[in-house]
Q: 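This is the structure I want to talk about, given as structure tokens.
In what follows, every chain begins at residue 1, and chains take the letters A, B, ... in the order their sequences are listed.
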Amino acid sequence: MSSTRPVEAPDLLAISNLSLGFSTLDGPVRVLRGIDLTVRAQEKVALVGESGSGKSVTARAIMGLLPERRTMASGSIRFAGRELLGRPAEAEALRGREISMIFQDPTASLNPFFSIRQQFRTVIARGGARHSAEAAEQRMRQALRDVSIPDPERVLGSYSFQLSGGLNQRVMIAMALVNTPKLLIADEPGTALDVTVQEQTLRMMRRLSQQNGTAILFISHNLGVVRQFADRVYVMYAGALVEEGPVQRIFTAPLHPYTRALLASVPRLARPTIPTGIEGSLPDRLKPIQGCAFRPRCSLSISACASEVALVAGAEGHRAACVHVVPPA
Amino acid sequence: MTGPALLRVCNVTKRFKLAHAELLAVDDVSLEVQKFDTLAIVGESGSGKSTLANLIVGSEGASSGAIWLGDTELGARRDKATRRRIALVQQNPYSALNPRKSIRAAIELPMIVHGLGDRSARRRKVDELLRRVHLSPALAARRPLGLSGGERQRVAIARALATDPELLVLDEPTSSLDVSVQAHILALLLELQQELGLTYLFITHDLGVVRVLARRVAVMYQGRVVEEGPVEAIFSAPRHRYTNLLLASIPTVSDEDDGVKLDWPFEQAIAPPPEGAQGCAFRPRCPFAIAACDTTRPALLGEDALHRHACLAPSRRDTTAQGTGGIS
Amino acid sequence: MTASPEFWRAMRRYAQDPMAVLGAAIVAVLVLAAILAEQVAPYPAHAGAFVDFVNANRPPDATYLLGTDGIGRDVLSRIIFGYRTSLVLGLTVLGIAVPLGTAAGLVGGYAGGRAEAVVMRITDVFLALPSLVLAMAIVGLFRPSQILAMAAVAAVWWPWYARLVHGMVRSIRLEGYVVSARLIGASPVRIMVGEILPNCAPTILTKFSLDMGLVILLGASLSFLGLGAPAPIPDLGTMVADGANYLPDQWWLSVTAGGAIFLAVLGFNLVGDGLRDVFDTTG
Ligand SMILES: Nc1ncnc2c1ncn2[C@@H]1O[C@H](COP(=O)(O)OP(=O)(O)O)[C@@H](O)[C@H]1O
Ligand SMILES: Nc1ncnc2c1ncn2[C@@H]1O[C@H](COP(=O)(O)OP(=O)(O)O)[C@@H](O)[C@H]1O
Ligand code: SF4
Ligand SMILES: [Mg+2]
Ligand SMILES: [Mg+2]
């Protein structure tokens, strides 16, 4: 539960040894296998991995949004020192105040039956501080102007289905940040949008988080977006973290074969040849995983990969879970 | 243009009647695809890419204009001989295959409908097609449940090839796949094109994919083609400002790619167009607009037939919008 | 359906739901008893025109487990044969309603346009009629007979299947595999029967099971009103109705028959719920 690494800023979010499974009609599935992840105050951290690797489950576990009855979890999720795992009341108290979240599809996460103003008011009310109707209105308008919406009045009076996906995304960001949370969890923000809108969205999130001192846990399967956005990156594979490090190192000197293979899969502008790809698919969630989960798809696997592989520290806070990673002398 | 065009789309328009208004989903589009070539269509969602694909494959009829496949005009009603020649690969591999039918039955269906071969010939063909898309023929007896997205998309491609079509229309075939899987599908498509001499119309919103797969690219914006030309030319020196914006927005994974990526004045404020402006559809997002952009709807023209654009204040030819970037 | 891996997966999931297994057990016992009534009923002759005044109105005891009725017939035997009547009723009614409703829903949902409007309007008209009233009206027009009663119930039952299937077809026809089949030129019949119908089957089966219980119940109310199987054929609804005249002294007459109806309805409902869960889960 204790972090042995030197710490620059206090850990805002500290997940340690988080394991999580669901009971399903097909039997129990293990979805997270011993996650250690920290987000420091004001830091922008990315969690990247293929779909199905467990990114959204991690986010929902932090937010206390998992179906309690069918979920089995162990380990710890601490936010500003308070334990959240298995305490839905604690998580509920923080949601929308200290921690807020943005989801992948902005239009689907807004309620079509209420105007943006009505929904925004609820969000502000949740912030706790008492506001007069007038003051609340002022805050909403300012929040919308902050996300470069020039005519807040029109947007506030609209319903989500009357606005474009890009506008809805901005509204979501404005709502997520209006109570100046300490942590923003963004699960694939803008993936449902176009690159041009996504680019603007990311710029906006980066600017606002800097202004407000909000830390961001940024979840994405898109390596390019992660590279643009994050300070530090965690790479997730089949429910376990296989690599972590500063963004520059992950993209210039990746250690784990999975990270490398993932990078080699991205079509490149500078080299118009077909990228390499990764053979095979994620392991069956119903079967237990022995040793390195990436082994069946890995071109470098050796017999040692069949036993437990721990995260090994490299230089500059760079760590990877692969037998081929040797700690620096 | 050089060589015989396999597909010619001539001034095609598609209107949808909505409750209170009419929507111009495809607005006077003209395009050609040469035999054995790959034309990519890019543009943001809602720009009319899928509608154009639907018009070509015949699941919708055009409001006006004509589509030709070789010497045959493609109306909304088509005979079987024509249907055989075009196949569609859709975006969502999970909805592409019937969950209650075997892989064999899925791939066989086009052959049965077109009366191609007897039972054993069809069987052989299914096995052959599965091998072509690098799947084991042993898969034929299984149902799609349990197949990954990538495997399903391979089956969908095999099914598309069952009638030996000339033109494959691929509507975002890799957009819902992970990059690691996308790479394999792209490699497969390239291989199939070379082996079978296929012609592709490839719809995507991912410019990285365009770069590695296509030879020509058409950029759509709000139902219109705003720029069209060879991939190299468009990536290095786009003329339309929207193309420039697209190229500037690509999330890249290396410094090397950043060198190729274009710039865009993202932070520059944009003056709102005057009330009731009739001009360029991109005007409200364009920091480079000139007065004429408010009043004139630019036509798709070009200095040469190979590279056309519809911009009244285009980027300069030798450099890009902000003068940096470009493929050396 | 062949025993595909999906089938076994579904079976495994079904087996994990104790209530569904209980339902299946009840239904299995009832169906077997109904089929083998001559063999399992303690006094098969009592299902017919049998009279034994000596043993009339006996409360449940070791000889007559559920007692006897006013003319000395074994109630248990009559209930077992009564199940046969109920199941025949259910199967006949649904045997007419399900194919009819499914066909109407398929055509209406797939054809769209005017055909859809016509089919669904007819469906709505039938749906608007209260089922019991219509059934009584139809039966009232003619001489009460069991066949007529069944036809009447089927007439009010098929629109539900038309609605259900129509709704499913509306969404399934947008699925990629249907689009693809249409594009290569497959005929509407091939698409409806080969591509769409198999995907409606699980839901139809689920509703079928839930409805077996309901039809049995409706049949019971009809016979309660005197529209059931003609005497002396045992009919659970008629037994409840007749027994009600002798409450509270000969309580077992209506209580056991009522319990028998309840058990059948419960069994089919549990099976239906179990099936719904098995087919519903997407993950
Ligand atoms: N409520 C749940 N019950 C059972 N399995 C679940 C549930 N939620 C998620 N999963 C499974 O957990 C795995 C990880 O899912 P997710 O976190 O959504 O992946 P990602 O966001 O990385 O794409 C997937 O295999 C998914 O099917
Ligand atoms: N059947 C339809 N009825 C009405 N509007 C439609 C229909 N199909 C597409 N549209 C509209 O046409 C426009 C273009 O859509 P589409 O071709 O799907 O774009 P893209 O594939 O580029 O995302 C969108 O505004 C869409 O809402
Ligand atoms: S531990 Fe082995 S299998 Fe896993 S990534 Fe490293 S080399 Fe590959
Ligand atoms: Mg997710
Ligand atoms: Mg589309």
Side-chain angles (χ1 to χ4, degrees), chain A residues 48-53 148 150-151 164-166 190-204 207 220-229 237 247-248 250-252 254 258 261-282 284 297, chain B residues 42-47 146-151 174 176-191 205-214 231-232 235 242 245-262 264 266-267 269-270 272 285 325 327:
Chain A
V48 67
E50 287 172 290
S51 62
S53 53
S148 308
D151 48 351
S164 70
T191 304
L193 304 176
D194 301 299
V195 275
T196 58
V197 184
Q198 183 174 311
E199 161 83 30
Q200 284 161 348
T201 303
L202 295 181
R203 281 170 185 274
M204 214 165 280
R207 179 166 51 79
S220 180
H221 68 272
N222 188 326
L223 288 162
V225 168
V226 164
R227 173 166 173 268
Q228 262 182 46
F229 191 78
Y237 183 76
V247 69
Q248 207 47 42
I250 296 283
F251 283 88
T252 56
Y258 174 63
L262 207 52
L263 276 167
S265 303
V266 180
R268 303 283 302 275
L269 294 184
R271 280 183 247 149
T273 51
I274 299 280
T276 328
I278 311 176
E279 293 296 340
S281 48
L282 281 175
D284 186 347
R297 305 172 76 181
Chain B
V42 298
E44 57 194 7
S45 66
S47 57
L147 294 199
S148 66
E151 286 166 327
T174 61
S176 51
L177 303 176
D178 278 307
V179 276
S180 61
V181 180
Q182 164 176 283
H184 291 300
I185 300 289
L186 295 179
L188 173 68
L189 288 172
L190 209 60
E191 178 190 312
H205 63 261
D206 186 336
L207 287 163
V209 171
V210 173
R211 183 87 182 111
V212 301
L213 198 76
V231 167
E232 292 80 32
F235 272 67
Y242 175 62
L245 171 60
L246 276 180
L247 287 164
S249 304
I250 302 174
T252 48
V253 295
S254 75
D255 293 344
E256 195 187 352
D257 290 350
D258 285 345
V260 179
K261 200 172 137 173
L262 300 182
W264 181 263
F266 282 103
E267 312 297 346
I270 297 162
R285 292 169 69 183
I327 293 174

Q: Run the side chain to side chain contact (heavy atoms under 4.5 Å, CB included) check on B/Val253 and A/Val226 step by step: do they pass?
A: CA-CA 9 Å; B/Val253 295; A/Val226 164; over 6 Å; no

Q: Taking every non-hydrogen pair under 4.5 Å, which of B/Leu177, B/Leu213, B/Leu247, B/Asp255 racks up the most with chain A?
A: B/Asp255

Q: Heavy-atom distances under 4.5 Å only: say whether A/Thr273 touches chain B with side chain, backbone, both or neither.
A: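 Contact with chain B: backbone only.
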
Q: What is the minimum heavy-atom distance between A/Ser265 and B/Ala183, and which atoms define it?
A: O-CB, 4.0 Å

Q: Going from CG on A/Leu269 to CG on B/Asp258, what distance comes out if it is rounded to the nearest 0.5 angstrom?
A: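 Going from the CG atom of A/Leu269 to the CG atom of B/Asp258 covers 9.0 Å.
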
Q: Between B/Glu151 and A/Ser281, is there a side-chain heavy-atom distance shorter than 4.5 Å?
A: no

Q: Minimum heavy-atom separation for A/Arg227 to B/Thr252, with atom names?
A: NH1-O, 3.1 Å

Q: Specify the closest pair of heavy atoms between A/Gly224 and B/Pro251, including all atoms of both residues, with the distance to one decimal.
A: C-CB, 3.4 Å

Q: Sequence neighbours excluded, which residues qualify as salt bridge (Lys or Arg N to Asp or Glu O under 4.0 Å) partners of A/Glu50?
A: A/Arg297

Q: Does any N or O in the side chain of A/Asp194 come within less than 3.5 Å of the main-chain N or O of B/Gly43, such that one atom is a donor and the other an acceptor?
A: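 No, A/Asp194 side chain to B/Gly43 backbone: no donor-acceptor pair under 3.5 Å.
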
Q: State the CD1-CD distance between A/Ile274 and B/Glu191, to the nearest 0.5 angstrom.
A: 10.5 Å

Q: Counting heavy-atom pairs closer than 4.5 Å to chain B, which one of A/Arg203, A/Glu279, A/Gln200, A/Gln228 comes out on top?
A: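 When all of A/Arg203, A/Glu279, A/Gln200, A/Gln228 are compared, A/Arg203 has the most.
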
Q: Let's test your reading of the structure: which of B/Pro272, B/Ala187, B/Ser148 forms the most heavy-atom pairs below 4.5 Å with chain A?
A: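 Looking at each of B/Pro272, B/Ala187, B/Ser148 in turn, B/Ala187 comes out on top.
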
Q: Non-hydrogen atoms of chain A under 4.5 Å away: do they reach the side chain of B/Glu267, the backbone, both or neither?
A: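 Just its side chain gets close to chain A.
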
Q: Heavy-atom distances under 4.5 Å only: say whether B/Leu186 touches chain A with side chain, backbone, both or neither.
A: both

Q: I'd like to know which of A/Asp284, A/Ile278, A/Leu223 tops the heavy-atom pair count under 4.5 Å against chain B.
A: A/Ile278

Q: State which residues pass side-chain contact (heavy atoms from CB on, under 4.5 Å) with B/Ser249; sequence neighbours excluded, sorted by chain then number.
A: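 Result, side-chain contact (heavy atoms from CB on, under 4.5 Å) vs B/Ser249: A/Val195, A/Thr196, A/Glu199, B/Leu245, B/Phe266.
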
Q: Which pair of heavy atoms, one from B/Asp257 and one from A/Ala270, lies closest together, and at what distance?
A: OD1-N, 3.0 Å

Q: Of the listed residues (B/Ser180, B/Ser45, B/Gly149, B/Gly146), which shares the most heavy-atom pairs with chain A below a 4.5 Å separation?
A: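 Maximum pair count with chain A is reached by B/Ser180.
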
Q: Side chain to side chain contact (heavy atoms under 4.5 Å, CB included), that's the test. Do B/Arg211 and A/Arg271 meet it? Break it down for me.
A: CA-CA 9 Å; B/Arg211 183 87 182 111; A/Arg271 280 183 247 149; over 6 Å; no

